[in-house]
Amino acid sequence: MTADDPPLIYWGRCRTGKRAFWTARHLVEPFSDRNITEYGWADTLDEAARQGHLAALRLASGHCSNIHVSHGIARDQLKAVNAAKRKTKLLSDSTESSPVEYLYGTYDSEDIRGHLVTEVRAFRITKRTKQRVYYIRRQHSDTDFQLGYVNRQELETEGHVHNYAAGGWWAADFHLHVEPPDVEQRNVAPAPDLKVLKQAMADAHPDRGGSSESFIRAREQYQRARARTKTTKE
């Protein structure tokens, strides 16, 4: 797609419950924030098609354009809209008048001397249901964030819970606590267990269901720990 090409515009519609949903998109470049999207709801599929086509013409702004029908973009946009609504609801359920609560995890890193240092990280709780406790795993802005959840009964009974959906034992939210854990002893005398790290490296291998990224990180952890252990013995 070059600057000289006519604008590329798609529109489509799909059913959502008893109503219909339409989308029109000016595709500047794939997966770009520069793309312009309009969407809305209608009572019937025919009306949604009319609204989608009109929106496509608006996006063309009177210029000669390539306008195509793609109902798949309507389905994808509807999924994105519903996902954003669910996230907003989870956050809005935690009102400003309610006390802000957190879960706490730990993250291991190396200082400038190559020593293992453990820090405590806090994860804001957004909602509690009968089965789950939802929290913010990562947040880049008010609208760009990733949610996680853990088993509520186990968390409140034990005071901590392992979150195997976090992606690996090295993730800061892999082992979450109700209260900030005491990491002072771990920082004073780091003693990496090579057997545990070697097994974690083997478990992270793609042949065992892991990913290349997790295996590389686990391998680096093992190699650094092995090098430190060897240096200490010498």
Side-chain angles (χ1 to χ4, degrees), residues 1-96 98 123-150 163-168 171 173 206 209-214:
M1 223 172 156
T2 67
D4 296 330
D5 292 335
L8 183 59
I9 299 172
Y10 291 91
W11 72 266
R13 83 303 180 255
C14 66
R15 188 171 293 283
T16 170
K18 294 182 178 180
R19 302 190 69 197
F21 180 83
W22 59 265
T23 302
R25 181 173 301 159
H26 178 187
L27 187 65
V28 178
E29 56 188 50
F31 310 109
S32 171
D33 292 336
R34 298 170 57 203
N35 295 335
I36 304 173
T37 301
E38 293 188 17
Y39 62 85
W41 286 261
D43 292 331
T44 66
L45 285 175
D46 288 342
E47 178 61 19
R50 190 179 75 85
Q51 293 291 344
H53 185 241
L54 288 175
L57 294 177
R58 283 196 302 271
L59 293 176
S61 301
H63 295 94
C64 179
S65 306
N66 290 323
I67 298 180
H68 303 273
V69 177
S70 174
H71 299 311
I73 70 164
R75 291 190 291 269
D76 291 342
Q77 184 65 35
L78 180 60
K79 289 179 182 178
V81 170
N82 288 336
K85 284 183 177 180
R86 287 193 294 269
K87 282 186 176 182
T88 302
K89 185 177 186 303
L90 286 172
L91 286 180
S92 63
D93 286 342
S94 179
T95 63
E96 293 182 2
S98 302
F123 299 90
R124 180 188 165 196
I125 295 175
T126 62
K127 183 178 181 180
R128 295 176 184 267
T129 66
K130 290 183 179 180
Q131 290 80 26
R132 297 173 175 177
V133 176
Y134 291 86
Y135 66 95
I136 298 177
R137 296 196 67 211
R138 301 181 185 88
Q139 184 166 10
H140 304 291
S141 67
D142 291 340
T143 57
D144 184 9
F145 56 88
Q146 179 183 357
L147 291 175
Y149 63 85
V150 291
N163 180 15
Y164 294 99
D173 57 335
S211 65
S212 298
E213 181 182 353
S214 61

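By convention here, the first residue in the shown sequence is residue 1.
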Trainee: Listed by chain and number, what are the salt bridge (charged side-chain N to carboxylate O under 4.0 Å, His left out) partners of Arg50, not counting sequence neighbours?
Mentor: Glu47

Trainee: Keeping to residues at least two apart or across chains, list the salt bridge (charged side-chain N to carboxylate O under 4.0 Å, His left out) pairs with something in residues 60-80.
Mentor: none

Trainee: Glu38 and side chain to side chain donor-acceptor pair (under 3.5 Å): which partner among Gln51, His26, Arg58, Gln77?
Mentor: Arg58

Trainee: Ring pair (Phe, Tyr, Trp, His ring centres under 6.0 Å) with Phe123: which of Tyr149, Tyr135, Tyr134?
Mentor: Tyr135

Trainee: What is the minimum heavy-atom distance between Trp11 and Ala56, and which atoms define it?
Mentor: CD1-CB, 4.0 Å

Trainee: Ignoring hydrogens, what is the shortest heavy-atom contact between Ala48 and Trp22? Give both atom names and the distance.
Mentor: O-CB, 3.3 Å

Trainee: Which residues satisfy the side-chain contact (heavy atoms from CB on, under 4.5 Å) test with Ala60, sequence neighbours excluded?
Mentor: Ile9, Ser65

Trainee: Ignoring hydrogens, what is the shortest heavy-atom contact between Leu78 and Cys14? Give both atom names and the distance.
Mentor: CD2-SG, 4.0 Å

Trainee: Could you work out, with ring pair (Phe, Tyr, Trp, His ring centres under 6.0 Å) as the rule, every residue matching Phe21, not counting sequence neighbours?
Mentor: Tyr39, Trp41

Trainee: Run the side chain to side chain contact (heavy atoms under 4.5 Å, CB included) check on His53 and Val69 step by step: do they pass?
Mentor: CA-CA 9 Å; His53 185 241; Val69 177; over 6 Å; no

Trainee: Taking all non-hydrogen atoms of both residues, which atom of Thr37 and which atom of Arg25 are closest, and how far apart?
Mentor: OG1-NE, 3.1 Å

Trainee: Looking only at heavy atoms, what is the nearest atom pair of Arg137 and Leu147, with distance?
Mentor: CG-C, 3.8 Å

Trainee: For Leu45, check side-chain contact (heavy atoms from CB on, under 4.5 Å) against everything at least two apart and list the hits.
Mentor: Arg13, Arg15, Ala20

Trainee: Between Ala55 and Ala24, which heavy-atom pair has the shortest distance, and what is it?
Mentor: CB-CB, 3.5 Å

Trainee: Can you name the salt bridge (charged side-chain N to carboxylate O under 4.0 Å, His left out) partners of Arg132, sequence neighbours left out?
Mentor: none

